[in-house]
K.L.:
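Before we start, here is the structure in question, set down as structure tokens.
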2 protein chains.
Amino acid sequence: MENYQIDSLDREILKALQADARQSYLDIARQLDVSGGTIHQRVNRMRAAGIITGSKITVDAKRLGHGVTVLLGLHLTNAKAMSKVLAKLETFPEVLEAYYTTGGFSLILKIAVRSIEDYHQFLIRKLQAIDEVQSTESFICMDQPINRDIEI
Amino acid sequence: MENYQIDSLDREILKALQADARQSYLDIARQLDVSGGTIHQRVNRMRAAGIITGSKITVDAKRLGHGVTVLLGLHLTNAKAMSKVLAKLETFPEVLEAYYTTGGFSLILKIAVRSIEDYHQFLIRKLQAIDEVQSTESFICMDQPINRDIEI
DNA sequence: ATTGAAATCATTAGCGA
DNA sequence: TCGCTAATGATTTCAAT
């Protein structure tokens, strides 16, 4: 079922689970006026089709000690080093996301650390210790006024 | 319980729910060799403390028709317009995230659209239609080789 | 998409270390 | 305080329709 097209019921189920992944299928069924078994069947189908890829709790990063988020533009000395650099970046748990983009950077990273001091250490000890990293440009996030999911 | 400090059991519970928010508390209990009631109690406590803020399913954006992700650096004509611009950005469902950062941009946005054509339309019809937007710099994401959560 | 039934789970309260 | 057990009502899950 690689090219299963969702219908409006699927869409409503996705919205409900996007808002609260742990809510019971029966609750969703009652909201949508269908049987519990139907929700179950649809969710399974969307899982099999690769539309639903998993679920996770959302946590407050600050309460877990990761108070500082940084976006970072990276320049490499040569584009051929990309896969080697990525392999290295994967070993740094501070690197949450890496984007290969058009525009003036080789890579853009999203990084989470405990503090500015930790970020400084991360930069000089880890990131700039990679030979192929030519330069970096840091955008330290002071606030994230918008954070939401794609409109389903 | 605003300053509740988590212990190693909490940490393991968070890891488990981060990997799969819908797995049953009893399953987690068996993995961690404690009772189901204990998991329940801990989760409730972490919710009350604001450590767990919710849960959501993860979906494949491409399968839902949002094939193009763009990071965008925004320059405003004047910093005082920030709140007005943010209010406007909130009305655009294409804007998933907005970061107020140090460095050369007033704001950095993460945007999801169906196609490059849609992105072009979004840029000229919506974003650049805001008076206070001076200029934009687009970083179109061709690949996202790293995507993970903070290390708990 | 529904039903119905068996297995499993969530949730709470009270007990004990 | 923290984790455990026990009990009940709710949910999940699956097969048949």
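These values consider heavy atoms only, across backbone and side chains, with no hydrogens, waters or symmetry-generated copies. So you know, we letter chains A, B, ... as the sequences are listed, proteins then strands, and number each from 1.
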K.L.:
How about CZ on A/F92, more than 12 heavy atoms from neighbouring residues, nucleotides or ligands closer than 6.0 Å, or not?
P.N.:
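More than 12 within 6.0 Å, yes.
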K.L.:
Which atom names give the shortest non-hydrogen contact between A/A98 and B/P145, and what distance separates them?
P.N.:
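Reported closest heavy-atom pair: O-CD, 3.1 Å.
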K.L.:
Looking at B/R42 and B/D7, is any side-chain nitrogen of the basic one under 4.0 Å from a carboxylate oxygen of the acidic one?
P.N.:
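B/R42 and B/D7: salt-bridged.
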K.L.:
Evaluate the ring planes of A/F105 and A/F139, with Trp represented by its six-membered ring, and classify them as parallel (under 30°), tilted (30 to 60°) or perpendicular (over 60°).
P.N.:
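Answer is perpendicular, since the angle exceeds 60°.
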K.L.:
In residues 10-31 of chain A, which residues come under 4.0 Å of DNA chain D by heavy atom?
P.N.:
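Of all residues in residues 10-31 of chain A, the ones placing a heavy atom under 4.0 Å from DNA chain D are A/S24, A/Y25, A/L26, A/R30.
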K.L.:
Take B/Y99 and B/E97, measure what side chain to side chain donor-acceptor pair (under 3.5 Å) needs, and give me the verdict at the end.
P.N.:
CA-CA 7 Å; B/Y99 298 93; B/E97 302 170 19; 2.4 Å; yes
K.L.:
Is the phosphate of D/dG3, meaning OP1 or OP2, less than 4.0 Å from a side-chain N or O of B/Q41?
P.N.:
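The answer is yes; a side-chain N or O of B/Q41 sits under 4.0 Å from OP1 or OP2.
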K.L.:
Among residues 33-40 of chain B, which ones have heavy-atom contacts with DNA chain C below 4.0 Å?
P.N.:
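Close to the strand are B/H40.
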K.L.:
Could you check B/I130, B/I124, B/D131 and say which one makes a side-chain contact (heavy atoms from CB on, under 4.5 Å) with B/Q128?
P.N.:
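Answer after filtering B/I130, B/I124, B/D131: B/I124.
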K.L.:
Identify the two heavy atoms, one from B/Q134 and one from B/L76, that lie closest to each other, and give their separation to 0.1 Å.
P.N.:
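Taking every non-hydrogen atom into account, CB-C, 3.9 Å.
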K.L.:
How many whole angstroms separate atom CG of A/N44 from atom C1' of C/dA1?
P.N.:
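Rounding to the nearest Å, CG of A/N44 and C1' of C/dA1 are 15 Å apart.
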K.L.:
At their closest point, which heavy atom of B/E94 faces which heavy atom of B/V113, and how far apart are they?
P.N.:
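Minimum heavy-atom separation between B/E94 and B/V113: CG-CG1, 3.7 Å.
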